[in-house]
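Presented below is the structure to which this report refers.
Everything numeric here is computed off the predicted structure, so don't read it as measured data. We count ligands from 1, going down the list as the structure has it; atoms in each ligand are counted the same way.
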Amino acid sequence: MNNIRMPKEGEPSHSKATIMGSNGVVQALLTDLYQITMAYAYWKSEKMDDLSVFDLYFRKNPFQGEFTIFAGLEECVKLMQSFHFSESDIEYLKTALPPKTDPAFYDYLGSLSAKDITLSAVPEGEVVFPKVPLITITGPLAVVQLLETPLLNLVNYASLVATNAARFRMAAGPETTLLEFGLRRAQGPDGGLSASRYCYLGGFDGTSNVLAGKMFGIPVRGTHAHAFVTSFINLDDVKTRTLRSRDDSREIDFVDCCLKYQKELPAVLDFLPDQVMEGELAAFISYAMAFPEGFLALIDTYDVIRSGLPNFCTVAMALNDLGYQSIGIRLDSGDLSYLSNEVQAKFIRVADRYNLPWFKKLTIVASNDINEDTIHSLNQQGHSINCYGIGTHLVTCQKQPALGCVFKLVQINNKPRIKLSEDVEKVTIPGLKKVYRLFGTDGRALVDLLQHASETAPKTGQRVLCRHPIQESKRAYVIPASVKCLHEIWWDKGKVVNELPSLTELREKTKESLKTIRQDHKRALNPTPYKVSVTSDLYTFIHELWLESAPIGELS
Ligand SMILES: Nc1ncnc2c1ncn2[C@@H]1O[C@H](COP(=O)(O)OP(=O)(O)OP(=O)(O)O)[C@@H](O)[C@H]1O
Ligand SMILES: O=P(O)(O)OC[C@H]1O[C@H](OP(=O)(O)OP(=O)(O)O)[C@H](O)[C@@H]1O
Ligand SMILES: O=C(O)c1cccnc1
Ligand SMILES: [Mg+2]
């Protein structure tokens, strides 16, 4: 069945890592040229094996929000598994780098792998905040440098679109079905596939993208388009007229049955039979005969109230005579609040007149350029929509098309490094760190705390001073009711060392993680920023290194 239905318990039938195999485009050459030129210069200066630590993090939450969903980690770990330069990669690089490049560099490149890399990261699907290292990579400088671009590429869009999806989910509420319809508008084929995958992770229920269904086990859902309706001119276009009942006991002339209801229903629905479009009725009959168990009709091709809705009810009642319950309708234009309420009111009339309670619960799908604000506005106005089909705004993240994750060197050969900036928010937090999330007694997250890797972990019930990393006066004592170390190691010594959850598990994780975040951090309008802080020791250390690294100016 291809029509919309609620996902069944246990769907999708998704198996772990094997079918989620990394995208073939993700490979060592999917990097910026400057990573390779830097690798050459590191190699020439014999720095390539310096033990480096890089943090991947973002500085600002997207969509004027105060939270982000971390996504893309599985693909990052898979990149570690596959990272190497093939012979043909190296042949190509010989043409791209200057002719005087030392040929021994190519032998070095050919020998590289991620076997000496350690990747620690926040679990995928966790809610995360600015400045917190989402991923920390430790390993030989040249290799880690080469990983910068693909890692950022894998995390930025995945996290952005997962966050967007989570925001749509929060706007729509937990009971509304959310379907991703974005493939046609996505940024290319890979953008489309990633969108489907990470929108599901962020809380969508299904996708229209069939390849994403096959690759990732996401439930595939869909209705039909206006073309299907406009391709039928009149009832002569219905070639087969008979349909068997659901229990297979009888066969009737389905078109005649529909015409019987077309005569009967005006008394219930107040429509004029001569105003309904015959071609639309023919289209609905044909679709219903193809999918009698899953009939859902797009009713806005001509006129929702005068034609689409009466035609749907006509066909749905005829199907009911044969024991089939229809699924519902889709609206793709007009005032979605008004129209959905009108449709629901008419469904109630039919339900009451024919004593068919399920008619009150038919699915009302709304689509057409829907964004987060539209959903909030519809909620305010009142509506009867119980399913949204969302494409363009969701997958292109039109409200904010990029997340600004960066990848910064924080330590080299055990020496912490700092990158200064005129913009204090851009100053890096030096050194190998640990990240803890401190929770209150209500189970809600209070603050994230960064500290030196060597400091002892904060303890439940013990007061800890949490300082703003930059602003001296901003600090607070926190007594956590519980403490969680946010990072886990996923890749070490050439092996995946942690179980990679299935996509369904990641979706669940996202939902659970969001529950631990206070509502005021998640609200759509002017949300409260969540606090990300550092320990006193780390604060002092940052500021000492800052002063050490900033030359003193002279006024003359
Ligand atoms: N009640 C509503 N409140 C706020 N926004 C709405 C409401 N109903 C629909 N919208 C949004 O308003 C926009 C209307 O789109 P548009 O101006 O293209 O008209 P349309 O109804 O699609 O017309 P058509 O497709 O027939 O040209 C869409 O983005 C839709 O999501
Ligand atoms: O509006 P979106 O959020 O992107 O959702 C997907 C859209 O794609 C389909 O039609 P399409 O936009 O191709 O044509 P239409 O505008 O004429 O309906 C569908 O009817 C939706 O309107
Ligand atoms: O199935 C649908 O209704 C659908 C799929 C993609 C885009 N718009 C609508
Ligand atoms: Mg459209």
Side-chain angles (χ1 to χ4, degrees), residues 2-4 63 160-161 164-165 167-169 171-173 176-189 191-196 198-200 202-210 212 218 220-231 277 280 283-284 287 296-309 312 327-345 363-401 524-525:
N2 71 340
N3 284 337
I4 289 176
F63 312 120
L160 183 76
V161 79
N164 205 18
R167 296 180 65 91
F168 276 87
R169 165 55 71 200
T176 303
T177 302
L178 290 181
L179 304 177
E180 177 266 312
F181 281 175
L183 182 57
R184 65 190 58 200
R185 302 278 152 62
Q187 274 88 348
L193 274 177
S194 297
S196 303
Y198 296 112
C199 287
Y200 186 66
F204 270 58
D205 297 301
T207 179
S208 62
N209 181 345
V210 183
I218 304 170
V220 285
R221 295 287 182 268
T223 70
H224 67 78
H226 294 112
F228 185 80
V229 177
T230 52
S231 73
M277 296 297 289
E280 187 182 56
F284 290 0
Y287 210 67
L296 189 150
L298 174 61
I299 62 169
D300 72 335
T301 304
Y302 301 113
D303 187 306
V304 171
I305 305 299
R306 291 190 180 85
S307 183
L309 181 61
F312 168 77
I327 302 290
I329 58 99
R330 174 160 78 101
L331 296 167
D332 191 43
S333 59
D335 182 329
L336 298 171
S337 158
Y338 167 76
L339 287 175
S340 65
N341 284 337
E342 283 294 300
V343 166
Q344 180 63 27
T363 299
I364 299 179
V365 187
S367 54
N368 184 24
D369 235 11
I370 286 170
N371 60 33
E372 197 190 329
D373 294 340
T374 320
I375 299 177
H376 287 300
S377 169
L378 286 167
N379 291 345
Q380 268 185 348
Q381 297 164 54
H383 64 82
S384 303
I385 297 158
N386 44 30
C387 175
Y388 287 102
I390 308 175
T392 314
H393 284 275
L394 175 66
V395 307
T396 68
C397 300
Q398 204 155 313
K399 192 170 180 184
Q400 181 178 323
L525 190 65

Give the numbers and elements of all ligand 2 atoms closer than 4.0 Å to a heavy atom of [X].
X: D369; answer: 1 (O), 2 (P), 3 (O)
X: N368; answer: 1 (O), 22 (O)
X: T392; answer: 2 (P), 3 (O), 4 (O)
X: R330; answer: 19 (C), 20 (O)

Please report whether [atom] has a protein non-hydrogen atom at a separation of less than 4.0 Å.
atom: atom 13 (C) of ligand 1; value: no
atom: atom 18 (O) of ligand 1; value: no
atom: atom 22 (O) of ligand 2; value: yes
atom: atom 27 (O) of ligand 1; value: no

Give a yes or no on whether the backbone of [Y] and the side-chain of [X] come within a donor-acceptor separation of less than 3.5 Å.
X: R221; Y: E180; answer: no
X: S340; Y: H383; answer: no
X: S337; Y: L378; answer: no
X: Y287; Y: T223; answer: yes

Using every non-hydrogen atom in the two residues, find where [X] and [Y] come nearest and quote the distance to one decimal.
X: V161; Y: S194; result: CG1-O, 4.4 Å
X: G334; Y: L339; result: CA-CD1, 4.1 Å
X: L296; Y: H224; result: O-CD2, 3.5 Å
X: D303; Y: I305; result: OD1-N, 3.1 Å
X: S196; Y: N209; result: OG-ND2, 3.0 Å
X: S367; Y: L336; result: O-CD1, 4.0 Å

Discussion item. Within the 4.5 Å heavy-atom criterion, are L298 and F312 side-chain neighbours or not?
Written reply: no
Among protein heavy atoms, which lies nearest [atom], and at what distance?
atom: atom 15 (P) of ligand 2; answer: D332 OD2, 4.0 Å
atom: atom 7 (C) of ligand 1; answer: L336 N, 3.9 Å
atom: atom 12 (O) of ligand 2; answer: R185 NH2, 3.0 Å
atom: atom 9 (C) of ligand 1; answer: G334 O, 3.2 Å
atom: atom 3 (O) of ligand 2; answer: G391 N, 2.8 Å
atom: atom 23 (O) of ligand 1; answer: S333 CB, 4.1 Å

Discussion item. Below 4.0 Å, non-hydrogen atoms only: which portion of N371 touches ligand 1? Side chain, backbone, both or neither.
Written reply: neither
Discussion item. Tell me the contacting part of T374 for ligand 1: side chain, backbone, both, or neither, using a 4.0 Å heavy-atom threshold, strictly below.
Written reply: side chain
Worksheet entry | side-chain hydrogen bond (donor to acceptor under 3.5 Å, both in side chains) partner of S333, chosen from D300, T301, N368 | D300
Item to complete: Under the side-chain contact (heavy atoms from CB on, under 4.5 Å) rule, what do T207 and Y200 come out as? Steps first, then yes or no, please.
Response: CA-CA 8 Å; T207 179; Y200 186 66; over 6 Å; no
Item to complete: Check whether any N or O atom of L378, backbone or side chain, sits under 3.5 Å from an N or O atom of ligand 1, and answer yes or no.
Response: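 Checking ligand 1 against L378, no N or O pair falls under 3.5 Å apart.
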Worksheet item: For ligand 1, is there an N or O atom under 3.5 Å from any N or O atom of I370?
Response: no
Worksheet item: Should you measure from each heavy atom of Q381, which atoms of ligand 1 turn up under 4.0 Å away?
Response: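 Those of ligand 1 that fall under 4.0 Å from Q381 are 1 (N), 2 (C), 3 (N), 4 (C).
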Worksheet item: In terms of atom number and element, which parts of ligand 1 are under 4.0 angstrom from non-hydrogen atoms of S337?
Response: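 Counting atoms of ligand 1 from 1, those under 4.0 Å from S337 are 1 (N).
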Worksheet item: Of the choices N368, I390, N341, which has the non-hydrogen atom that lies closest to atom 20 (P) of ligand 1?
Response: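 Among N368, I390, N341, the closest heavy atom to atom 20 (P) of ligand 1 comes from N368.
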Fill in: ligand 2 contacted by R184 (non-hydrogen, < 4.0 Å)
yes
